[in-house]
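Working notes, beginning with the structure itself.
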Amino acid sequence: MLQEGIGKIVGIETAGRLRLCGGEMDRLETLDDAWLLADDGRIAAFGRMETLGEMAVDRTVDAEGGMLFPSFCDSHTHLVYAGSREREFLDKINGLSYEEIARRGGGILNSADLLHETSEEELYAQAMERVREIAAKGTGCVEIKSGYGLTTEDELKMLRVIRRICETAPLAVRATFLGAHAVPRNYMELVCNEMLPAVAAGKLADFVDVFCDEGFFTVEQTARIMKAGRKQGMQPKIHANELAVSGGVQVGVEYDALSVDHLERMGEAEIRALRGAVTSPTMLPGAAFFLGMSYPPARELLRAGLGVALASDYNPGSSPSGDMRMV
């Protein structure tokens with residue numbers, strides 16, 4: 001397909017860099033009065049209209065001077081869940097903290113109970129409503145986590161739903177196994193010895209994630225789960241430093257995690273750990289907004305020469321929005 005008459009292409013990258021860091025993120029390359037050629041769903045070529053010669057194409061679209069933007073990549077969501085948890089937002093308004101709600105049986109455990117009672121078909125139907133919602137708001141690539149199952153059977157149910165979304169949704173979808181989302185008793189053995197092998201056997205996840213934070217999984221537990229996940233071919237990602245300076249950033253860097261996500265609680269030690277690392281700091285300001293917390297220090301990381309990614313954390317309890325424009 002040839003698209004011609006584009007007023008401006010926004011977000012051009014010609015050097016093939018993996019990511020931009022620090023001051024590089026202040027620059028946004030554009031091209032005016034342009035054309036773009038797509039072949040089998042991928043960008044094949046682009047240039048200024050004055051350079052457009054004759055070419056054989058199956059379809060030509062006149063952009064009529066409109067602007068062409070890349071879609072959003074939302075690299076951290078929990079959008080497969082059952083029902084809602086609006087009652088907890090009243091608890092927050094009345095002064096209860098995220099940790100206090102969790103101790104009362106709310107939070108992740110509440111979502112796990114709802115998910116257990118919901119059929120796979122209904123779970124898929126609810127999730128696809130959210131997928132269509134985020135697509136309409138500009139998201140073209142999304143990561144979706146499990147983590148509201150907390151039993152092998154229910155975690156696999158979630159991951160099967162995510163695989164079905166991957167097969168049917170008009171977006172690029174990546175799956176993350178987040179069995180280590182809350183800490184019932186004797187849970188470490190279940191995650192490492194039963195859940196991870198079952199997820200790997202079904203080829204249901206690209207990544208393994210751990211909620212490494214105060215009141216959830218320790219640095220030592222996180223390291224063990226990451227090592228077990230890597231043995232099963234899953235690259236680590238981490239929830240880190242949302243509620244406290246947990247050591248999650250440092251252990252993520254140590255095990256070459258793809259990203260450490262949240263980062264509301266950050267200090268100079270965490271910034272030093274991220275310098276030169278393959279691990280991407282990913283911030284989820286939607287969670288800070290809905291929980292009334294301080295936003296993660298994006299500008300400090302940029303001044304330190306680091307690259308910063310943003311994601312929605314779309315979930316029923318702490319960030320019930322997948323709108324990347326708001327993020």
Side-chain donor/acceptor of Ser146 to backbone N/O of Glu155, under 3.5 Å: no
For Glu133, side chain to side chain donor-acceptor pair (under 3.5 Å) partners two or more places apart: Tyr314
Under the 3.5 angstrom rule, does the side chain of Glu13 hit a backbone N or O of Ala15 as a donor-acceptor pair? yes
Tell me, yes or no, whether the heavy-atom count around Glu29 atom CD, taken from other residues, nucleotides or ligands under 6.0 Å, exceeds 12. no
Pairwise distance CG(Leu310) to SG(Cys73) - rounded to 0.5 angstrom: 11.0 Å
Could Arg224 and Phe217 be counted as a cation-pi pair, given that NZ or CZ must be under 6.0 Å from the ring centre and within 45° of the axis? no
With no hydrogens and no angle check, is any side-chain donor or acceptor of Thr139 less than 3.5 Å from a backbone partner on Ala135? no
Do the charged groups of Glu120 and Arg164 touch, with an N to O distance under 4.0 Å? no
Starting from Val61, walk the hydrophobic network (Ile, Leu, Val, Met, Phe, Trp, Tyr; side-chain heavy atoms closer than 4.5 Å) and list everyone else you reach, by chain and number. Met1
Just how far is it from atom CE of Met326 to atom OG of Ser319, taken to the nearest 0.5 Å? 6.5 Å
Just one of Asn315, Ile144, Asp313, Ile162 clears the side chain to side chain contact (heavy atoms under 4.5 Å, CB included) bar with Leu79, so which one? Ile144
For residues 272-279, please give each side-chain donor-acceptor pair under 3.5 Å, one per line with the distance, not counting sequence neighbours.
{"from": "Thr279", "atom 1": "OG1", "to": "Ala257", "atom 2": "O", "distance (Å)": "2.7"}

N/O donor-acceptor pair under 3.5 Å between Ser321 side chain and Asp323 backbone: yes
Given Ser246 and Val219, is the side chain to side chain contact (heavy atoms under 4.5 Å, CB included) satisfied, shown in steps? CA-CA 7 Å; Ser246 64; Val219 166; 5.8 Å; no
For Glu153, I'd like to know if atom CD has over 12 heavy atoms of other residues, nucleotides or ligands within 6.0 Å. no
How is the hydrophobic cluster of Leu258 composed, in terms of its other members, when Ile, Leu, Val, Met, Phe, Trp and Tyr link through side-chain heavy atoms under 4.5 Å apart, directly or indirectly? Phe207
Hydrophobic cluster membership, with links at side-chain heavy-atom distances under 4.5 Å among I/L/V/M/F/W/Y: are Met188 and Val208 in one? yes
Go through the structure and list residues passing side chain to side chain donor-acceptor pair (under 3.5 Å) with Thr77, not counting sequence neighbours. none
Is there any side-chain hydrogen bond (donor to acceptor under 3.5 Å, both in side chains) pair reaching into residues 197-213, and which pairs are they, with sequence neighbours excluded? Lys145-Asp209, Asp209-His239
When clusters are formed by joining ILVMFWY residues with side-chain heavy atoms under 4.5 Å apart, either directly or through shared neighbours, do Leu204 and Val131 land in the same one? yes
State whether a side-chain donor-acceptor pair under 3.5 Å links Gln126 with Glu122. yes
Counterpart residues, side chain to side chain donor-acceptor pair (under 3.5 Å), relative to Arg163 (two or more places apart): none
Check for me, please, whether Leu178 and Leu196 land in the same ILVMFWY cluster - side-chain distances under 4.5 Å, paths through other members count. no
Working note: Glu242 + Leu291, criterion side chain to side chain contact (heavy atoms under 4.5 Å, CB included); need CA distance, chi angles, decisive distance, verdict. CA-CA 11 Å; Glu242 177 185 7; Leu291 293 175; 3.5 Å; yes
Suppose we screen for side chain to side chain donor-acceptor pair (under 3.5 Å). Which residues come up paired with Lys8, at least two apart in sequence or across chains? Asp32
Linking Ile, Leu, Val, Met, Phe, Trp and Tyr through side-chain heavy atoms less than 4.5 Å apart, which residues share a cluster with Leu284? none
Would you give the length of the straight line joining atom SG of Cys212 to atom CG of Asn241, rounded to the nearest 0.5 angstrom? 7.5 Å
Should Ile271 and Leu301 be marked as a side chain to side chain contact (heavy atoms under 4.5 Å, CB included) after you check the CA-CA gap, both sets of side-chain angles, and the distance that decides it? CA-CA 7 Å; Ile271 291 174; Leu301 270 65; 3.9 Å; yes
So does Arg299 have more than 12 non-hydrogen atoms from other groups sitting under 6.0 Å from CZ? no
Do Val10 and Ile6 share a hydrophobic cluster (ILVMFWY, side-chain heavy atoms under 4.5 Å, transitive)? no
Would Leu123 and Val173 show up in the same hydrophobic cluster when neighbours are defined by side-chain heavy atoms closer than 4.5 Å? yes
With sequence neighbours left out, write down each residue that passes salt bridge (charged side-chain N to carboxylate O under 4.0 Å, His left out) with Glu270, or none if nothing qualifies. none
Tell me whether the count of non-hydrogen atoms from other residues, nucleotides or ligands lying under 6.0 Å of CD1 in Ile12 goes above 12. yes
Evaluate Phe177 against Leu159 for side chain to side chain contact (heavy atoms under 4.5 Å, CB included), listing each step before the verdict. CA-CA 7 Å; Phe177 168 62; Leu159 289 165; 4.0 Å; yes
side-chain hydrogen bond (donor to acceptor under 3.5 Å, both in side chains) contacts touching residues 167-179 (sequence neighbours left out): Tyr124-Thr168, Glu143-Thr176
Side chain to side chain contact (heavy atoms under 4.5 Å, CB included) partner of Leu171, chosen from Val142, Ile165, Asp74: Val142
Apart from Leu52 itself, which Ile, Leu, Val, Met, Phe, Trp or Tyr residues share its cluster (side-chain heavy atoms under 4.5 Å, direct or through members)? Leu2, Trp35, Leu37, Met49, Met55, Val57
So, Lys157 side chain and Leu115 main chain: donor-acceptor pair closer than 3.5 Å or not? yes
Are Phe72 and Ile134 packed together at the side-chain level, in the sense that at least one heavy-atom pair is separated by less than 4.5 angstrom? no
